[in-house]
Colleague: 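Can you keep this structure in mind? I'll have questions shortly.
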Amino acid sequence: MAETVYAHESVAQADAHAAAAHIEHDTNTGISNTKLAMWLFLASECLLFGGLITTYILYRNPLEGPTPHEIYDIPFTSTSSFILLMSSLTMVLAVSAIERGDHQRLRVWLGATALLGATFIAGQVYEFTVFYREGLGFTTSRFSSAFYTLTGFHGVHVTVGIIMLVSLLVLSLRGKLPEHRSETVEVVGLYWHFVDIVWIFIFAVVYLVPS
Amino acid sequence: MALTEARPLALPSGEEDTIERPGGVFARPTASRGWRSWVTTVDHKKIGIMYGATALAFLMIGGLEALLIRLQLWAPRGTLLSADLYNQVYTMHGTTMVFLVVMPIGACFANYLMPLQIGARDVAFPRINAFSYWCYLFGGVFLNTSWLLGGGADGGWFNYAPNNGVIFSPSHGIDFWNLGLIITGIASLTGAVNLIVTVLNMRAPGMTLMKMPVFTWMTLVTQFLLLFAIPVLTAAQVLLMMDRLFDANFFNVAKGANPLLWQHLFWVFGHPEVYLMILPAFGLVSEMLPVFSRKPIFGYPFIVFSGVAIGFMGFGVWAHHMFVSGIGPISVTTFSLTTMFIAVPTGVKILNWTATMWGGKLRFTSPLLFSIGLVTMFTIGGLSGVTHAIAPADSQQTDTYYIVAHFHYVLFGGAFFGFVGAFYFYWPKAFGYMLNETLGKTNFWMMLLGFNLTFAPMHILGLQGMSRRVYTYDAGYGFELWNKVATIGAFILATSVLLFVFNIIYSKVKAKSLPPVGADPWDARTIEWMTPSPTPEYNYDPIPTVTRVDDFWYRKYGETKDGKLVRIAATDDVVQQRSDGKGIHLPSPSYWPIVAALGLPLVAYGLIFSLWLCLIGGIITVAGIYGWALEPPDDPDAAHEDHGPGGHTSDDGTAVEETTEALPEAEAEKEAETVG
């Protein structure tokens, strides 16, 4: 006789009553959807910046116009880089604050992070202005195009981050960012740290590595 | 998960929920029928169908362009198209077919099928899913409006530098190409993030990675390829945009730029691209062959890991497109070798499919015929592909019709045959009626004939030295005969595509007098066939527990000790019955994805014509994103009263929602969600 190795009396019943049949809040990986999505998005961003950094390395020696060494102000950019990196610290403190339910500190640190980011952007605007006055326009040389595009692209990313931070701050002030939403802050934090880490690479490649 | 607890009816305190009407501009869309339900839908099945329908529409446009090319080449010194127009037509043909037809049909199946195959109710981020589709549609339409606004792109689908510069291509065609593909790139990227999260996080109980259907595996690999390939293209296109619109010097040779940069960036994207076009079709064939052979797929782990291997190795072969560009002997040797190696996992798959059919009880239905078509035609294309790995031979073949023959064998003979077969296979699941089999078989033989008549002669033409992308040829080189054959073939091919469209309409009309098709018309193997046909909005009720590969099959069939197949349950007892779906929590429709996507083409038009339009488009997109972020993923007004056992209880704070499918979206720009 046919001896079966696998059968249910009623499969539908088995499905309905299997302990695992009720989908838990847990995901298969244990990482929430939002956080996993942000990690994937950042992985993709690596390739985007990879393409732009490669382009810069290829074009960092101009045939005409100012050269990198003539115009870079390393102490200035080092300072603004330091400010940006410190914003990662305040971001961590913000995440830690909301996880503890300390909404007052959350707002302080979110504001501080946004402010440090904005300082960095202001430094970049100042730097661009100075470079432009010294004769390095966007269209001057292959170096100038690559420099402005790469650092400008990073600047746009920081700006988007600032907008997200300010949005979070406004939500928090309106009482719409309770503790159990702490992951939202954490995910924005992931983005923010990524932007900082990318800057470490850009700063090293663009400003520090001699051409 | 933290975010789910933020749902309105699950506030820990049990207080009155504090949701405000988002923005107060729109009431939440509620339509479940009519065009409004399609515009606002977040249902992965509807979005999948829209991907498919849009891709078929673009297929008509791309096909028309192909016919124009073939008519122009019918005889020496053809005069149908000018050289300039010919450049635009073949560029737009390639771009349309790659980005607006083959990739989206892959997305169509990934959207419709993958959540069903893993037993999910929807994708991880339903609204991002809708956003992806609208970006694709608007990007594609934007690209094609270039015909009306000064002419299409004219540099070939890969638009090599410095030909893509303003000096050599002064019309706006390449700007449209550039910006349009950045928009469809956003669609692909957001789609990739979404679908990867879905596969990794939302599988049914019991479904481990190695119990996933092969199509789901191939979708996962495809989406990873998109995730890492698309940004490289975007980077290249940003550089090109800076060059063309803002006078940068990335490809300006006069300022010392290196045009090879474009080739490298393009093909670092471009080669993974060809794999991400073929892998969905590989997955679909791996679903169809076992069903119609009544055997499990041969060597499931091999077919999975060869797919993964193709994914990894696909990033290491790009420079075989550049053997004649002077990249040097070491690069050429390296990429020759890697290209030869990547044929191995592909060969593994061919072996697996053949072995799956070997000894099986074959039922020669349309889906099986198309699947066999894929296996055979792709093998021919794969073999001509291996000849490209041999650099000296490739140097002769570069930019000849031999290349055109090769990639049509893999993309049309491979991917497209698989897709058409899968349309026949999954049509009853999606629409509740079967496509006519007689017409389907006619469709297959006609397509096979037309396809081979069109593209097989191109091997000969190429080896005879006929250049691709040249608008005409002179008499006396021996090109006349095979060009005529190819043109005749192209029209047979076009007729077969029209026959497919006719079959859709014909079968729909005929279906009214036929009994409704059951959940499982093909005696299939994977769990998506347990859902009623057409699939209800909620997919599964209840979600099945999966214990092995081909779970559905083993609910119907058992094995005796000596390995004989015996039926242990009637299909009707195993499949799910249509329920009223009450108590199942589904994500609510939303206007915001289409609003956010609508701004993007406006920004793109603005970059080309007037920066003021950029401002308007930017405002629309930003407004869309904020509206979206401030809108809770679930409608607070939607009725929840019918939660079954295990539903939430509002007074003691234990929030036991039954579903996780409606998790709030949050991606780069969408973080600022309000709390329920």
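A, B, ... follow the sequence lines: proteins, then strands. Residue 1 opens every chain.
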Colleague: Just so I know, are the side chains of B/N258 and A/R142 near enough to count as touching, which here means a heavy-atom distance under 4.5 Å?
Modeller: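 Not in contact.
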Colleague: Among the options A/Y59, A/F49, A/W39, pick out the one with the most heavy-atom pairs lying under 4.5 Å from chain B.
Modeller: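 Most heavy-atom pairs under 4.5 Å with chain B: A/Y59.
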Colleague: The test is side-chain contact (heavy atoms from CB on, under 4.5 Å); show your working for B/V197 and A/T34 and say whether it passes.
Modeller: CA-CA 9 Å; B/V197 173; A/T34 351; over 6 Å; no
Colleague: Measure the spacing between OG1 of A/T55 and CH2 of B/W262 and express it to the nearest 0.5 Å.
Modeller: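 That separation rounds to 11.0 Å.
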Colleague: Is B/F269 close to A/L47 at the side-chain level, that is, under 4.5 Å between some pair of heavy atoms?
Modeller: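 Heavy-atom side-chain distance check fails, nothing below 4.5 Å.
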Colleague: Just so I understand: if I count every heavy-atom pair under 4.5 Å between each of B/L233, B/D562, B/L239 and chain A, which residue has the most?
Modeller: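 Greatest number of close heavy-atom pairs with chain A: B/L239.
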Colleague: Go through B/A569, B/A229, B/P231 and name the one with the most non-hydrogen pairs under 4.5 angstrom from chain A.
Modeller: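 Sorted descending by pairs with chain A, the first entry is B/P231.
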Colleague: Measuring from atom CZ of B/R203 to atom OG1 of A/T27, what distance do you get when rounded to the nearest 0.5 angstrom?
Modeller: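 Taking CZ in B/R203 and OG1 in A/T27, the distance rounds to 9.5 Å.
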Colleague: Give me the atom names and distance for the closest heavy-atom approach of B/L227 to A/S44.
Modeller: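 Distance-wise, the nearest heavy atoms are O-OG, 2.9 Å.
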Colleague: What is the minimum heavy-atom distance between A/L48 and B/A235, and which atoms define it?
Modeller: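 Between these two residues, the closest heavy atoms are CD1-N, 3.7 Å.
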Colleague: Could you tell me which portion of A/T54 (side chain, backbone, both or neither) has an atom closer than 4.5 angstrom to a non-hydrogen atom of chain B?
Modeller: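 When you check distances to chain B, no heavy atom of A/T54 falls under 4.5 Å.
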Colleague: Below 4.5 Å from any heavy atom of chain A, which atoms of B/N252 appear? Answer side chain, backbone, both or neither.
Modeller: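 Neither part.
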Colleague: Taking every heavy-atom pair that is under 4.5 Å apart, which of A/F143, A/F138, A/F153 has the most such pairs with chain B?
Modeller: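 Heavy-atom pairs under 4.5 Å are most numerous for A/F138.
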Colleague: Rounded to the nearest 0.5 Å, what separation is found between the NZ atom of A/K35 and the CG atom of B/N201?
Modeller: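 One finds 11.5 Å between NZ of A/K35 and CG of B/N201.
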Colleague: Side chain from CB out, backbone as N, CA, C, O: work out which of these in B/L265 comes under 4.5 Å of a heavy atom of chain A, or both, or neither.
Modeller: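 Just the side chain, heavy atoms under 4.5 Å.
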Colleague: Sort B/A257 into side chain, backbone, both or neither according to what part of it lies under 4.5 angstrom from a heavy atom of chain A.
Modeller: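 Contact with chain A is through both the backbone and side chain of B/A257.
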Colleague: Is there a side-chain contact (heavy atoms from CB on, under 4.5 Å) between A/S145 and B/F246 once you walk through the steps?
Modeller: CA-CA 10 Å; A/S145 296; B/F246 305 106; over 6 Å; no
Colleague: Given that the side chain runs from C-beta out, which part of A/L58 has a heavy atom under 4.5 Å from chain B: side chain, backbone, both or neither?
Modeller: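 The side chain, not the backbone.
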Colleague: Might you point out which heavy atoms bring B/D247 and A/T139 nearest each other, and give the distance in Å?
Modeller: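 Closest pair (atom of B/D247, atom of A/T139, distance): O-CG2, 2.8 Å.
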Colleague: Does a side-chain heavy-atom distance below 4.5 Å link B/F250 with A/T149?
Modeller: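 Result yes, sub-4.5 Å side-chain heavy-atom pair found.
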Colleague: Against chain A, label B/V238 side chain, backbone, both or neither, depending on which of its atoms sit under 4.5 Å from a heavy atom there.
Modeller: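 Looking at B/V238, just its side chain touches chain A.
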Colleague: Using every non-hydrogen atom in the two residues, find where A/T140 and B/N249 come nearest and quote the distance to one decimal.
Modeller: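 Scanning both residues, the minimum pair turns out to be C-ND2, 3.9 Å.
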Colleague: Do you know which of B/T234, B/L200, B/I230, B/T198 has the most heavy-atom pairs under 4.5 Å to chain A?
Modeller: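 Option with the top pair count is B/L200.
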Colleague: Using non-hydrogen atoms only, which part of A/L165 is less than 4.5 Å away from chain B: side chain, backbone, both, or neither?
Modeller: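 Contact with chain B is absent: no heavy atom of A/L165 under 4.5 Å.
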